[in-house]
J.: 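Have a look at this one before I ask anything.
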Amino acid sequence: MSSDGQGGGYRGRIAPTPTGFLHLGHFVTFRTAWQRARSAGGTLIFRNEDIDPQRCRPEFAAAALEDLRWAGLGWDEGPDVGGPHRPYDQSARFAAYRVACETLVREGRAFFCTCSRRDLAEAAGAPHDESGEPLYPGTCRARAARPADGAPVALRFRVTDGETVEFVDGRMGPRRFVAGRDFGDFVIWRRDDAPAYELAVVVDDAAMGITEVVRGEDLLLSTARQLTLYRALRWQPPAFFHCPLVRDAEGRRLAKRHAALSLRELRARGVRPEELPSLVGSGVADG
Ligand code: GLU
């Protein structure tokens, strides 16, 4: 595996979460992933990140495949084309996530956490990370076993306070984070018995041999958390390339409320796929 994500062994991925229709912001990130895989002569994987049973819907997963194909993107492995790492739907990969959790518990890197969101919000004076989340105050850090009363528990990864996480981003250059200051102990298995994003994405990127992760800049802090998981699991991390976020005319990040900028809606309005790149930065949406 090449350490900079380049070369013929390049393996990239596009990994949408099917909680709504894809918009121009997703298109920009996924087109960058597609271009980087193509220009490296590598392989691109489509992975459907449908781990959240509350929020994900099969019709959005089907729409993502269809809309990205309409937009001119293609992939070499995925739910619709198969491949050596199937299944490509995260909802069918829970066994692998459980194995990683068991390893982390066994090695004393994860603990059982009974804190509710309210408990965390109320932890007096708790410092917050840059996304506004309170840093985990450490309440359950010593709980190495599941509580006997069957109370709902999350599993949290115990970060090493003061550990530095450094990487050279393919677009943004050197980045540095400090565990325990920039982010705290984070959930890897949720109280409602589903894997958390940070864990699932690391397990799959490692299992699928991904050499470079292309994602939005809003996930920089997640990348730092994920690098601590790679280290704890003794897996080789991929390279990272964080894309700029697309904003609306008021400077707000594109989100589900921007239905008018969904690929589906643009297509219905007669926009042609080759016109999509020119809509970004045109006043409709800014890159
Ligand atoms: N599936 C996640 C998303 O759509 C993250 C993808 C990633 O890890 O790059 O935001």
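Both ligands and their constituent atoms are indexed starting at 1 by order of listing. Please read these numbers as outputs of a predicted model, since none were measured by experiment.
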J.: Below a 4.0 angstrom heavy-atom separation, can you tell me which part of T17, side chain or backbone, both or neither, approaches ligand 1?
T.: both
J.: Heavy-atom contacts with E49 under 4.0 Å: which atoms of ligand 1 show up? List them by number with element.
T.: 1 (N), 2 (C), 5 (C), 6 (C)
J.: Under a 4.0 Å heavy-atom limit, does R13 contact ligand 1 with its side chain, its backbone, both, or neither?
T.: side chain
J.: Can you name the closest pair of heavy atoms from R13 and V214 and give their distance?
T.: NH1-O, 4.1 Å
J.: Please identify each residue that fulfils side chain to side chain contact (heavy atoms under 4.5 Å, CB included) with E59, with sequence neighbours left out.
T.: R57
J.: Do other residues, nucleotides or ligands put more than 12 heavy atoms under 6.0 Å from the CZ atom of R98?
T.: yes
J.: Of all the atoms in ligand 1, which lie at a distance below 4.0 Å from a heavy atom belonging to V201?
T.: 8 (O)
J.: Is there a polar contact, in the sense of an N or O pair closer than 3.5 Å, between A15 and ligand 1?
T.: yes
J.: Atoms of ligand 1 less than 4.0 Å from Y197 heavy atoms?
T.: 5 (C), 7 (C), 8 (O)
J.: Passes side chain to side chain contact (heavy atoms under 4.5 Å, CB included), E166 versus R175? Steps please.
T.: CA-CA 6 Å; E166 290 176 287; R175 313 299 298 187; over 6 Å; no
J.: Hey, is H26 one of the residues with a heavy atom under 4.0 angstrom from ligand 1?
T.: no
J.: Go through R11 and E77 one step at a time and tell me if the salt bridge (Lys or Arg N to Asp or Glu O under 4.0 Å) criterion holds.
T.: CA-CA 10 Å; R11 288 178 62 81; E77 299 176 26; 3.0 Å; yes
J.: Is it the case that the ring center of Y136 lies less than 6.0 angstrom away from the ring center of F111?
T.: yes
J.: Return the residue, atom name and 0.1 Å-rounded distance of the protein heavy atom closest to atom 10 (O) of ligand 1.
T.: L219 CD1, 4.2 Å
